[in-house]
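Take a look at the structure below.
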Amino acid sequence: MSEPFYITTAIAYPNGKPHIGHAYEAIATDAIARFQRLMGRDVCFVTGTDEHGLKMDQTARAAGKATRDLADEMSLYFKQMCETLDISADHFCRTTSEHHHKASQAIWKRLEASGDLYLDRYEGWYSVRDEAYYDETELTDGEGGQKLSPQGTPVAWTVEESWFFRLSKYEQPLLEHYAANSDFIRPDSRKNETVKFVEGGLKDLSVSRTSFDWGVKVPGSENHVMYVWLDALTTYISAIGFPDDTEEWRKFWPASVHIIGKDIVRFHTVYWPAFLMSAGLPLPKQVFGHGFLLSRGEKMSKSLGNVVDPMQLAELFGVDALRYFLLREVSFGQDGSYSPEAIVTRVNADLANSFGNLAQRTLSLIFKNCEGYLPAIRGHHDDDIALLDLVGATVAQHIPAHYEDLAMSQGLESWMQAVFACNAYVDVQAPWALKKTDPERMETVLATLFICIAQLAIAALPIIPGSATKLLDQMGVPVDVRNFKNAGSHWYSPLAESNFQIAQPVGLFPRLEVPAEEGTAA
RNA sequence: GGCGAAGUAGCUCAGCUGGUUAGAGCGGUGGAAUCAUAAUCCAUAGGUCGGGGGUUCAAGUCCCUCCUUCGCUACCA
């Protein structure tokens with residue numbers, strides 16, 4: 001029985017098309033999910049869209065559409081993005097689904113049964129124009145003493161009936177949980193922020209709204225809809241069956257890790273655990289808040305006009321090139337910077353010049369000098385052993401250790417070091433020269449390289465699944481070898497003896513060029 | 001204002017609990033090689049580790065202070 005591993009992305013809020021940040025999160029989560037599958041874990045990977053709330057309603061109205069139609073349309077963009085980027089999610093969930101409504105109402109009833117919900121009034125400065133409450137400190141004084149919101153719209157003191165959740169009750173339990181589970185919130189900087197925040201005291205949370213109705217109806221209070229976050233967070237359990245007693249639910253909850261952006265850490269590390277405690281359900285084992293992608297070091301925003309469409313990038317550079325760049329260049333957990341130049345430089349250096357060329361030169365030599373048959377090994381030299389050991393240790397130990405720690409960029413750094421060692425080995429051994437002086441030795445050298453390249457391709461599968469698979473296909477590596485457990489097993493000789501023959505190798509990692517029209521944002 | 005993170009070679013960054021000549025990749029320079037995607041390999045470029053002060057036999061690595069950048073500071077997500 002393999003150990004279950006349940007991982008989720010944040011459930012994206014689709015009041016616009018997906019941007020590079022959504023793509024980044026999906027890609028990173030996918031790489032982790034794929035890695036765990038290759039480690040033999042039984043993986044469940046969930047992503048989806050969080051479609052309720054005021055913003056969706058407003059966006060739809062502004063576009064002159066029915067909210068449901070907008071949700072359908074936008075959610076589809078996210079789903080398509082996942083397909084395009086090779087995201088291997090097991091479930092794509094929508095909070096508008098019937099089952100999800102049922103689950104949200106079920107968790108609501110559990111909170112209620114715990115005595116953690118009470119009806120009260122929410123008071124504050126409300127802007128009708130913005131349909132939002134503002135804190136006193138955010139307001140400015142307009143003409144005639146009229147108080148204005150940050151958007152410059154008039155606000156008025158408003159009282160609204162609302163259900164409240166006794167968040168305050170969970171202050172100590174949460175702090176105890178953070179202390180007892182040091183890995184619950186990662187990276188540490190996010191954990192510190194959360195702990196300080198909770199230590200500062202928790203107020204009860206308003207968890208229903210009556211000012212709009214685009215959401216999950218509160219059981220027994222039909223004029224209330226649930227606070228979007230309560231509903232959205234519930235996706236993590238509704239996706240695998242809750243409240244029904246399904247096999248998936250029993251197997252996969254609690255989640256191994258929620259991968260989220262650093263902006264929504266609080267919702268996942270304070271509200272969500274508190275809701276779960278109240279509901280009597282186990283807490284996820286970890287919440288990881290990744291950083292943001294900056295465009296040339298600047299925040300991306302619609303007003304700056306530097307928002308990047310991930311679909312366009314994938315089309316321009318290739319899905320695997322984009323995936324590789326994001327996971328190699330950005331240290332997971334920290335902010336990262338993106339630019340077309342950076343993608344081109346990184347991908348050309350690592351994938352095209354180093355790894356791609358290594359595979360191409362090796363397979364070409366085998367194709368030309370061995371008629372495509374895998375060369376025989378006739379006794380290894382020390383150099384061969386050293387390379388096999390280095391690549392073997394990298395693939396069996398170093399890379400998995402980094403991936404396991406969600407340090408994909410460091411795993412890829414180890415990967416590149418092994419690639420460098422292979423290229424150095426090729427140059428020192430010079431199989432093209434051995435062809436004339438010692439053909440048998442040439443065969444051993446090429447066989448050694450073949451084994452190393454296959455192992456490196458396997459280690460790259462979580463990051464660049466498409467091209468690594470194509471390479472392994474070209475090389476005839478059996479599917480059951482393509483995982484971290486079997487990559488280092490003795491599969492080469494059986495494959496060679498099976499008379500497998502490689503075809504003329506085809507380059508899988510083309511050199512990229514910076515798009516010519518790349519100019520300054522107008 | 002309060003709390004926190006960061007400031008290391010031209011660029012992007014590694015440097016855990018303090019300890020030999022501060023590291024990598026990219027770029028630059030000089031060689032080698034020619035199997036390969038004008039790709040590869042080898043060597044190299046001498047950066048006061050933001051400024052100042054302190055602790056220590058010894059400090060990017062601990063303490064203080066100053067400067068700069070950034071994040072969090074609750075109910076739009």
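The shown structure was predicted, so the numbers you read here are calculated from the model rather than taken from an experiment. Each chain gets a letter, A, B and so on, in the order its sequence line appears, and its residues count up from 1.
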Practice task
Report which part of the nucleic acid K368(A) touches: base, sugar-phosphate, or nothing (heavy-atom distance under 4.0 Å, all strands).
Solution key: sugar-phosphate

Handout entry: Nearest-Å distance for atom pair CD/P, residues Q410(A) and rA14(B)
Key = 9 Å

Problem - Distance, nearest 0.5 Å, that separates CD1 of I399(A) from CD of Q417(A) - result: 10.0 Å

Problem - P gap between rU17(B) and rC63(B), integer Å - result: 11 Å

Practice task
Determine whether more than 12 heavy atoms belonging to other residues, nucleotides or ligands lie under 6.0 Å from atom CZ of R121(A).
Solution key: no

Fill in the blank from the handout: Taken to the nearest whole Å, CD1/I502(A) to P/rA36(B) is 13 Å

Problem - Nearest-nucleotide comparison on RNA chain B, the residue closer to the 5′ end among W432(A) and K262(A) - result: W432(A)

Practice task
Between rU34(B) and rG46(B), how far apart are the C1' atoms? Round to whole Å, please.
Solution key: 33 Å

Practice task
Please state the P separation for the pair rA9(B) and rG15(B) - nearest whole angstrom.
Solution key: 15 Å

Practice task
Identify which nucleotide among rU40(B), rU12(B), rA74(B) has an atom closest to any side-chain atom of N357(A), counting heavy atoms from C-beta outward.
Solution key: rU40(B)

Practice task
When you get a sec, tell me which of rC75(B), rC35(B), rA74(B) is the closest nucleotide to the side chain of F197(A)?
Solution key: rA74(B)

Practice task
Would you check if the side chain of Q286(A) reaches a backbone N or O of R186(A) as a donor-acceptor pair within less than 3.5 Å?
Solution key: no

Problem - Distance in angstrom units between F275(A) CZ and rC75(B) C1', rounded - result: 10 Å

Handout entry: Euclidean distance for C1', rG18(B) against rU61(B) (whole angstrom)
Key = 6 Å

Practice task
Determine the contact category for A352(A): base if any of its heavy atoms lies under 4.0 Å from a base atom, sugar-phosphate if only primed atoms, P, OP1 or OP2 are that close, otherwise nothing.
Solution key: base

Exercise for the section: Would you kindly give the CE-to-C1' distance between M56(A) and rC76(B), to the nearest whole Å? Expected result: 13 Å

Exercise for the section: Evaluate the criterion salt bridge (Lys or Arg N to Asp or Glu O under 4.0 Å) for residue pair K196(A) and E193(A); output intermediate values, then yes/no. Expected result: CA-CA 5 Å; K196(A) 291 288 179 192; E193(A) 280 177 12; over 6 Å; no

Exercise for the section: Return the orientation label for the W229(A) and H268(A) ring planes: parallel under 30°, perpendicular over 60°, tilted otherwise. Expected result: perpendicular

Fill in the blank from the handout: Picking from rA77(B), rC75(B), rC41(B), the nucleotide nearest the side-chain atoms of F420(A) would be rC41(B)

Handout entry: Carboxylate-amine/guanidinium contact R361(A) D427(A), below 4.0 Å
Key = yes

Problem - Separation of M416(A) CE from L351(A) CG (nearest 0.5 Å) - result: 8.0 Å

Handout entry: Proximity of Y77(A) and H22(A) rings by center, below 6.0 Å
Key = no

Practice task
Ignoring backbone atoms, establish whether R511(A) has a side-chain N or O less than 4.0 Å from OP1 or OP2 of rA39(B).
Solution key: yes

Problem - Watson-Crick or G-U wobble mate for rC41(B), both contacts under 3.5 Å - result: rG31(B)

Practice task
Determine the interatomic distance between C1' on rC42(B) and the same-named atom on rG47(B); round to the nearest Å.
Solution key: 24 Å

Practice task
Tell me whether the OP1 or OP2 atom of rA14(B) has a side-chain N or O from Q334(A) closer than 4.0 Å.
Solution key: yes

Handout entry: Nucleotide rG4(B), atom P - distance to CG of N192(A) in whole Å
Key = 9 Å

Problem - Atom-to-atom span, CG of L512(A) to P of rA38(B) - whole angstrom - result: 14 Å

Fill in the blank from the handout: The Watson-Crick or G-U wobble partner of rG1(B), with both key distances under 3.5 Å, is rU73(B)

Practice task
Assign K203(A) to base, sugar-phosphate, or nothing according to its heavy-atom contacts below 4.0 angstrom with the strands shown.
Solution key: base

Practice task
Could you check if the base of rG31(B) is syn or anti? Syn means the glycosidic torsion is within 90 degrees of 0.
Solution key: anti

Practice task
Rounded to whole angstrom, note down the P distance from rG28(B) over to rG10(B).
Solution key: 15 Å

Practice task
Could you give the distance separating rG23(B) and rC3(B) at their P atoms, to the nearest angstrom?
Solution key: 37 Å

Fill in the blank from the handout: Taking a pair to mean Watson-Crick or G-U wobble geometry with both distances below 3.5 Å, rG7(B) pairs with rC67(B)

Completion exercise
Closest of rG71(B), rU73(B), rC3(B) to the R190(A) side chain is rG71(B)

Exercise for the section: Give the rounded distance in Å between these two atoms: CZ of R346(A) and C1' of rC13(B). Expected result: 9 Å

Completion exercise
Closest of rU12(B), rG71(B), rC35(B) to the D427(A) side chain is rC35(B)

Problem - R328(A) vs rU12(B): side-chain N/O to OP1/OP2 distance below 4.0 Å - result: no

Practice task
Provide the Watson-Crick or G-U wobble partner of rU56(B), both distances under 3.5 Å; none if there is no partner.
Solution key: none

Exercise for the section: Look at all strands and tell whether L202(A) reaches a base, only sugar-phosphate, or nothing, counting heavy atoms closer than 4.0 Å. Expected result: base

Exercise for the section: Remember a base hit wins even if backbone is also touched, and classify R209(A) as base, sugar-phosphate or nothing at under 4.0 Å, heavy atoms. Expected result: sugar-phosphate

Completion exercise
Per atom distances to the A349(A) side chain, the nearest of rU34(B), rA77(B), rC26(B) is rC26(B)

Practice task
State which of rU12(B), rC72(B), rA36(B) makes the closest approach to the side chain of R266(A).
Solution key: rC72(B)

Exercise for the section: When you get a sec, tell me which of rC35(B), rC75(B), rG71(B) is the closest nucleotide to the side chain of S364(A)? Expected result: rC35(B)

Handout entry: Nearest-angstrom distance from the residue atom CZ of F164(A) to C1' of rC75(B)
Key = 9 Å

Exercise for the section: Check whether any side-chain N or O of K191(A) sits under 4.0 Å from OP1 or OP2 of rG4(B), and answer yes or no. Expected result: no

Exercise for the section: Mind checking G201(A) for me? I need base, sugar-phosphate or nothing, with any heavy atom below 4.0 Å counting as a touch. Expected result: base

Exercise for the section: Could you check whether D50(A) gets within reach of a base, just the sugar-phosphate, or nothing at all, counting any heavy atom under 4.0 Å? Expected result: sugar-phosphate

Problem - Euclidean distance for P, rG50(B) against rU8(B) (whole angstrom) - result: 6 Å

Practice task
May I ask you to establish whether K262(A) and F292(A) are in a cation-pi arrangement, using a distance under 6.0 Å from NZ or CZ to the six-membered ring centre and at most 45° from the ring axis?
Solution key: yes

Practice task
Give G356(A) one of three labels, base, sugar-phosphate or nothing, depending on what nucleic acid heavy atoms sit under 4.0 Å from its own.
Solution key: base

Exercise for the section: Find the partner of rU21(B): check Watson-Crick (N1-N3 plus N6-O4 or O6-N4) and G-U wobble (N1-O2, O6-N3) distances, both under 3.5 Å, and reply none if neither fits. Expected result: none

Exercise for the section: Would you mind classifying the nucleic acid contact of S189(A) as base, sugar-phosphate or nothing, using non-hydrogen atoms under 4.0 angstrom? Expected result: nothing

Practice task
Hey, which sits more toward the 5' end of RNA chain B by its nearest nucleotide, V426(A) or V228(A)?
Solution key: V426(A)

Practice task
Quick one: label Y227(A) by what it contacts on the DNA or RNA (base, sugar-phosphate, nothing), any heavy atom closer than 4.0 Å.
Solution key: sugar-phosphate

